[in-house]
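Input: a single structure, listed below in C-alpha cells.
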Amino acid sequence: QVQLVESGGGLVQAGGSLRLSCAASGRTFSNYVMGWFRQAPGKEREFVAAIRGSGGSTSYRDSVKGRFTLSRDNAKNTVYLQMNSLKPEDTAVYYCAGRRGSYIGEGPDEYAYWGQGTQVTVSS
C-alpha cells in the first residue's frame, strides 16, 4: 500500500506561483509513476502532469506546458509540482496520484493510489 500526502496549496493572485509537494510512504517510490490531477467544482477530474519513476520522462496537459514543472526526489520519496504564471482557470483541488510501472497514464482510472487533495485558488 502507498500513502500519499499533498501540501503546498493556497490562495495566490493571477501571475503568481505555488509549489505543491506530495510525500509518499510505503513501497519503493522509484517503481511508481507519479501524477497530478485536478478537479474544479462541477467538472471532471483532469490530468495535469506525470513523471516516470526515474524522473527522466514527463508529460503535461497542453494548458500547463511552459508554466508547470514536475520533478521528483526519490531519496525523499517526494514529487513536486512547481506552478508559475498561475491563472484563475487553474483553480481546483489538486490531487497527487501514483501507479506502479513505467507507463505514464493520463486517465484517473489508471492510478491506484491517491492523496486527499490540496486546494489551489487563483484570484484575478
Side-chain angles (χ1 to χ4, degrees):
Q1 191 74 9
V2 175
Q3 292 81 42
L4 304 175
V5 178
E6 302 100 333
S7 61
L11 173 64
V12 65
Q13 289 187 335
S17 298
L18 283 173
R19 188 176 82 156
L20 304 183
S21 299
C22 174
S25 61
R27 300 183 181 178
T28 307
F29 183 64
S30 60
N31 289 344
Y32 289 78
V33 168
M34 299 300 297
W36 286 92
F37 290 76
R38 66 188 181 187
Q39 188 167 18
K43 295 187 177 181
E44 294 186 352
R45 192 168 298 190
E46 63 182 20
F47 172 79
V48 176
I51 186 168
R52 283 203 172 100
S54 65
S57 182
T58 54
S59 178
Y60 298 91
R61 72 178 297 109
D62 287 345
S63 63
V64 308
K65 287 180 180 177
R67 300 189 297 123
F68 291 11
T69 302
L70 182 58
S71 61
R72 64 191 295 160
D73 184 339
N74 287 341
K76 296 183 178 179
N77 280 17
T78 301
V79 62
Y80 305 98
L81 183 66
Q82 178 67 43
M83 306 187 295
N84 299 328
S85 302
L86 282 162
K87 303 176 181 180
E89 51 263 43
D90 294 318
T91 296
V93 177
Y94 282 70
Y95 296 91
C96 177
R99 70 182 307 276
R100 188 175 176 84
S102 61
Y103 172 70
I104 297 183
E106 298 187 2
D109 291 347
E110 297 175 285
Y111 289 77
Y113 305 101
W114 291 86
Q116 81 287 352
T118 185
Q119 177 70 47
V120 171
T121 303
V122 184
S123 63
S124 59

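- Interatomic distance, N74 CG to T28 OG1, rounded to the nearest 0.5 Å: 10.0 Å.
- Between the OG atom of S63 and the NZ atom of K87 there is a distance of 7.5 Å, given to the nearest 0.5 Å.
- Partners of S25 according to the side-chain hydrogen bond (donor to acceptor under 3.5 Å, both in side chains) rule, which considers only residues two or more places apart in sequence or in another chain, are Q3.
- Taking both residues in full, the closest heavy atoms of Y32 and R72 are given as O-NH1, 2.8 Å, listed atom of the first, atom of the second, then distance.
- Nearest heavy-atom pair, S59 versus E106, reported as atom, atom and distance to 0.1 Å: OG-OE2, 3.1 Å.
- A continuous path of ILVMFWY side-chain contacts below 4.5 Å connects I104 to F37, so both sit in one hydrophobic cluster.
- Looking at every heavy atom in both residues, V12 comes nearest to L86 through CG1-CD1, 3.6 Å.
- In terms of hydrophobic clustering, with Ile, Leu, Val, Met, Phe, Trp and Tyr side chains grouped at heavy-atom distances under 4.5 Å, W36 and F29 are assigned to a common cluster.
- Residue pairs meeting the disulfide bond (SG atoms under 2.5 Å apart) criterion with at least one partner in residues 33-124, sequence neighbours excluded, are C22-C96.
- Applying the disulfide bond (SG atoms under 2.5 Å apart) test to every pair with at least one member in residues 24-81, sequence neighbours left out, gives no pairs at all.
- Pairs of residues two or more places apart, or lying in two chains, never qualify as disulfide bond (SG atoms under 2.5 Å apart) while including a residue from residues 33-67.
- In this structure a side-chain-to-backbone donor-acceptor pair under 3.5 Å is missing from Y111 to V33.
- The salt bridge (charged side-chain N to carboxylate O under 4.0 Å, His left out) check on K76 picks up nothing, with sequence neighbours excluded.
- In this structure D109 satisfies the salt bridge (charged side-chain N to carboxylate O under 4.0 Å, His left out) test with no other residue, sequence neighbours excluded.
- One distance of note links CD of Q119 with OG1 of T91; it measures 7.5 Å at 0.5 Å rounding.
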Report all side-chain donor-acceptor pairs from residues 44-54 shorter than 3.5 Å, counting only partners two or more places apart or in another chain.
| residue | atom | partner | partner atom | Å |
| --- | --- | --- | --- | --- |
| R45 | NE | Q39 | OE1 | 3.3 |
| R45 | NH2 | Q39 | OE1 | 3.4 |
| E46 | OE2 | R38 | NE | 2.6 |
| E46 | OE2 | R38 | NH2 | 3.1 |
| R52 | NE | S102 | O | 2.5 |
| R52 | NH1 | S57 | OG | 3.0 |
| S54 | OG | G56 | N | 3.3 |

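- Residue pairs satisfying the ring-ring contact (aromatic ring centres under 6.0 Å, His included) criterion with at least one member in residues 71-106, sequence neighbours excluded, are absent.
- The side chain to side chain contact (heavy atoms under 4.5 Å, CB included) test applied to A23 returns T78, not counting sequence neighbours.
- Atom CG of N77 and atom CE of M34 lie 9.0 Å apart (nearest 0.5 Å).
- Scanning both residues, A14 and S124, for their nearest heavy atoms gives CB-CA, 4.4 Å.
- Listed here is the closest heavy atom pair of P108 and W114: O-CZ2, 3.4 Å.
- The two residues L70 and Y60 make their nearest non-hydrogen contact at N-OH, 2.8 Å.
- Note that OG1 of T118 is 11.0 Å distant from CG of L81, once rounded to the nearest 0.5 Å.
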For a side-chain contact (heavy atoms from CB on, under 4.5 Å) check, start with the C-alpha distance between E6 and L20, then their side-chain angles and the critical distance, and finish with the verdict. CA-CA 7 Å; E6 302 100 333; L20 304 183; over 6 Å; no

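- With sequence neighbours excluded, the residues satisfying side-chain hydrogen bond (donor to acceptor under 3.5 Å, both in side chains) with N84 are S17, Q82.
- With sequence neighbours excluded, the residues that form a salt bridge (charged side-chain N to carboxylate O under 4.0 Å, His left out) with R67 are D90.
- Grouped by direct or indirect side-chain proximity (heavy atoms under 4.5 Å, Ile/Leu/Val/Met/Phe/Trp/Tyr only), V5 sits alone.
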